[in-house]
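Heads up, the thing below is written out as structure tokens.
In what follows, every heavy atom counts, from backbone to side chain, and hydrogens, waters and symmetry copies are set aside. Please read all numbers here as calculations on a predicted model, not as lab measurements.
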Amino acid sequence: MEEILKDHRDLILGFNKFLPKGYEILLLDEGEDGFGNASKYLKKIQDRFENKDHVYKSFLNILLKYKNNGVTLYDTYHEVATLFEGHRDLVRDFTKFLPSVHLRGKYT
């Protein structure tokens, strides 16, 4: 659905009203870069696991392992998917930050 509506911001905002809380399609604010969207995503994780600080820290450690230790994107995705088990929206939103559209489709 997101792909169909990608150039129709107003339709996405309307469609989001029908989605359960936490499953909305994330949009960049007009004029916002990817860093702003990443910040929103990190805030979403912090809010979701506010009483489980170790989940947020584990997520950051997974990203650091990917960046510094040459862990594959595939392994990184699976670690994140395992960490966020039961939170499909967080896994789906994570795939938006993967470097390739081809890979995004594979992991959603």
Does the pair Lys40/Asp47 count as a salt bridge with the N-to-O cut at 4.0 Å? no
Within the structure provided, determine whether Thr82 and Tyr77 are in side-chain contact (heavy-atom separation under 4.5 Å). no
Quick one: pull up NZ in Lys52 and CD1 in Ile45 and give me the separation to the nearest 0.5 Å. 14.0 Å
Nearest-0.5 Å distance, OH of residue Tyr66 to CG of residue Leu73: 4.5 Å
Rounded to the nearest 0.5 angstrom, the NZ-CG distance for Lys44 and Leu90 is 5.5 Å
Could you list the residues that satisfy side-chain contact (heavy atoms from CB on, under 4.5 Å) with Lys65, not counting sequence neighbours? Asn69, Val71, Glu79
What one should report as the nearest heavy-atom pair of Tyr56 and Leu42 is CE1-O, 3.8 Å
Contacts of type ring pair (Phe, Tyr, Trp, His ring centres under 6.0 Å), residue Phe49, not counting sequence neighbours: Phe84, His87
Do Arg48 and Asp89 come within less than 4.5 Å of each other through their side chains, counting heavy atoms only? yes
Looking at every non-hydrogen atom in both residues, tell me the closest pair between Leu83 and Val55 and how far apart they are. CD2-O, 3.6 Å
So Asn61 and Ser58, side-chain hydrogen bond (donor to acceptor under 3.5 Å, both in side chains) or not? Walk me through it. CA-CA 5 Å; Asn61 284 330; Ser58 294; 5.5 Å; no
Separation between CG (Leu64) and NZ (Lys67), nearest 0.5 Å, reads 7.0 Å
